[in-house]
Every structure is written in structure tokens, then in C-alpha cells.
Amino acid sequence: MDYKLVCIDMDGTLLNSNKKVTEETKKVLLEARNKGVKIAISTGRIYNNAAFYSKYIGLNSPVIAANGAIIKDVNDKEIYKGVIGYDTCKKVLEVLKKYKMKPNFHTHNSIFCGGILEKLFIYLFITRGIPSDYKVKLYSVKDNEWDKVLLDNQSEILKCISIHTSKEVVKKVREELKQIKGIEVSSSNMLNIEINAESVCKGKGVEILGEKLGIKKEEIIAIGDNENDLTMIEYAGLGVAMGNAPQFIKDKADYITATNNQEGVSKVIRKFILKENI
């Protein structure tokens, strides 16, 4: 099969444990692009953050961000946007408050944080070092300010993410959130919850992008490592799980590559795109 589109998750996949894209990975991705293959970052992260990494690698590729809630082409033109909506955001907020979980609501370039510690965490681990052109705006929001924030940004909020140190609490909150109509609930690790509008997921994002580019699902490779990657791994013609993915992701994949610290993405590109014997 000659694959024409490769959709790659970021954390735990494209990025190693140091949150870096290795020189080997950059080199191989550019070789694939120069061969005419489309490369797209497909991430749960905010759009501006993902767009920076695409530019940094030299791909200038389409980007699927916020778990598929926003898709833009190489010219930064919006292909798709799926917002959660004011009323639904309020219902999500009520559940999170009940369990004392702090919300972080994302637009394409801003994050409204439920506390100063959340804002600091996001800055240190996600936005620090990003050039000003791709900076993510961070705001701390007090409890009595949420209604105005959600109302003023109702046409822009794409995702909500919340973190807790207890797996049991996360499990309980997930079950309660699933009772809310109009949302999708997923996760990118065992201690977080990610909320999007109904039918928004990476799999749908890959489908929309493929159709826009005139590429069949059989011609698409999707590479990921966690639950929020599962829909695109199942959708793509070749769904690839990273070696560091949990077993339930590997069980659904067509192929398992090496870990994100062992050039797993590079190995997939070399094998299935560049047709090298590895």
C-alpha cells in the first residue's frame, strides 16, 4: 500500500520523554514529506502549541488539535471547528466542582485555568519556550468568574481538561460526565479527563482531513499511544500503537512500533513510507 497521509499524536508519540522531537525523527518526516506524503500532527493539545511543532520540524503541515475539535490546513485556514457550547460547559463545570477538580477550558489559542497552580503547570510543561508568534494565552479564573468567561467564549471553547491525583476520583468523575448529553469524554493519561463536544474525536478529525485532501482511509497511517488516540488508530488504514502505549491500545492497533524514546515514529515512516528494511 502506498500511504499518502500520516497523522501523528504528540505527547508520548512524536515527542520523547524530554518533550523533544529528535533529529532522526525530523529527518525522516521531512524525507516522507519530500516524497509527497502529507504529515499531520493530531493532538489533544491546543492549536497554537501544535502549530509551533509543525513549523519547528519544518513540515508546515495540517494540524488536528484539541482532540479533533479544530483542524487547520497548511495556510492556517480553518477546515473544521467543534465547540462545546455554553450550557454544556456549565454542566461539565458543575460535575468538576462537585469533586473539587479544577477545569481548564481551551480555545484555539487560550487556556482559562481553574487556578494559579494549574496555570503554572501548563506554563512549565506545555507553553514555556514557545515563540511569541505561537504563544498560548493563559488566564486564571476565579470560581465567581466562570459564568462570564464561558458566556463570552461560548463560540470558541473547544475542549476542557481536568487532572486529579486519584485514579478512583477520575473514574467516578468520568462516569458522571458520561451522563451529560452532547459531550465526548476521553483521556491522554490515567489521571486526566478530556471533554469535547459530541462526535469530536481524533478519528473524526482524521476522516475530515482525509476527505479534504482527497485521501482514502486505506491510504492513511495514524500513530498514537493513549486513549484519545484510539479512534484514529481504529479509523486509519494502518493504525499504529507506540511501544509505550497501554495494552488496550496495542490490542486495537494493526502494528506496534518502538517507544517514543526509541524512535518509534521514525521506524514506522522508514518501514511503511520509505520502504526500508528495518
Side-chain angles (χ1 to χ4, degrees), residues 1-45 50-65 68 71-75 79 202-203 205-226 228-245 249-278:
M1 171 62 70
D2 289 327
Y3 295 102
K4 298 180 180 178
L5 171 63
V6 184
C7 297
I8 310 170
D9 170 53
M10 282 181 57
D11 294 286
T13 303
L14 179 65
L15 305 182
N16 63 20
S17 294
N18 295 319
K19 301 297 181 184
K20 301 290 185 182
V21 183
T22 68
E23 291 301 319
E24 160 68 8
T25 297
K26 282 191 249 181
K27 175 178 176 291
V28 171
L29 289 175
L30 291 173
E31 284 183 32
R33 186 204 62 182
N34 293 339
K35 193 178 177 182
V37 176
K38 305 291 186 184
I39 308 292
I41 288 176
S42 181
T43 180
R45 288 202 193 195
F52 161 71
Y53 278 94
S54 174
K55 181 78 171 178
Y56 167 72
I57 295 167
L59 295 172
N60 297 325
S61 65
V63 170
I64 300 169
I71 307 170
K72 292 191 179 185
D73 66 15
V74 294
N75 298 312
I79 297 171
K202 289 190 183 184
V206 171
E207 180 182 356
I208 291 169
L209 180 60
E211 289 177 354
K212 178 71 175 180
L213 297 173
I215 296 173
K216 301 174 184 177
K217 64 180 292 186
E218 294 81 10
E219 299 170 323
I220 299 173
I221 298 174
I223 313 172
D225 76 304
N226 224 310
N228 63 337
D229 301 312
L230 188 55
T231 55
M232 73 172 183
I233 288 172
E234 292 181 313
Y235 174 79
L238 181 69
V240 179
M242 298 297 290
N244 48 289
I249 301 295
K250 294 176 179 177
D251 289 343
K252 297 290 186 178
D254 302 303
Y255 181 79
I256 301 170
T257 188
T259 72
N260 62 323
N261 290 323
Q262 298 169 326
E263 301 293 355
V265 168
S266 173
K267 286 179 167 62
V268 173
I269 302 298
R270 288 193 179 280
K271 181 178 178 64
F272 294 101
I273 303 294
L274 303 181
K275 306 293 178 70
E276 298 177 3
N277 291 321
I278 61 171

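All heavy atoms count here, side chains included; hydrogens, waters and symmetry mates do not. Heads up: numbering here begins at 1 and tracks the sequence.
- No more than 12 heavy atoms of other residues, nucleotides or ligands sit less than 6.0 Å from atom NZ of Lys55.
- Other residues, nucleotides and ligands place no more than 12 heavy atoms under 6.0 Å from the NZ atom of Lys252.
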Distance-only check: which donor-acceptor pairs under 3.5 Å involve side-chain atoms of residues 34-41, not counting sequence neighbours?
unit_1, atom_1, unit_2, atom_2, d
Asn34, ND2, Leu30, O, 3.1
Lys35, NZ, Ile273, O, 2.5

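- Around atom CG of Asp251, more than 12 heavy atoms belonging to other residues, nucleotides or ligands sit under 6.0 Å away.
- Taking the side chain as every heavy atom from C-beta outward, Thr257 and Val265 never approach each other to under 4.5 Å.
- Atom NZ of Lys275 has more than 12 heavy atoms from other residues, nucleotides or ligands within 6.0 Å.
- Distance check, rounded to the nearest 0.5 Å: CD of Glu23 to CD1 of Ile57 gives 10.5 Å.
- In this structure the side chain of Val240 never reaches within 4.5 angstrom of the side chain of Lys267, judged on heavy atoms.
- Ion pair Lys27/Glu31 flagged as a salt bridge, since at least one NZ, NE, NH1 or NH2 atom sits closer than 4.0 Å to an Asp/Glu carboxylate oxygen.
- Applying the side-chain contact (heavy atoms from CB on, under 4.5 Å) test between Val6 and each of Leu29, Ile223, Ile220 identifies Ile223 as the sole match.
- With a 4.5 Å cut-off on side-chain heavy atoms, Ile221 and Phe272 count as touching.
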Derivation of the side-chain contact (heavy atoms from CB on, under 4.5 Å) call for Tyr53 and Leu15 = CA-CA 10 Å; Tyr53 278 94; Leu15 305 182; 3.7 Å; yes

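- The stretch residues 212-224 participates, sequence neighbours left out, in these salt bridge (Lys or Arg N to Asp or Glu O under 4.0 Å) pairs: Lys4-Glu219.
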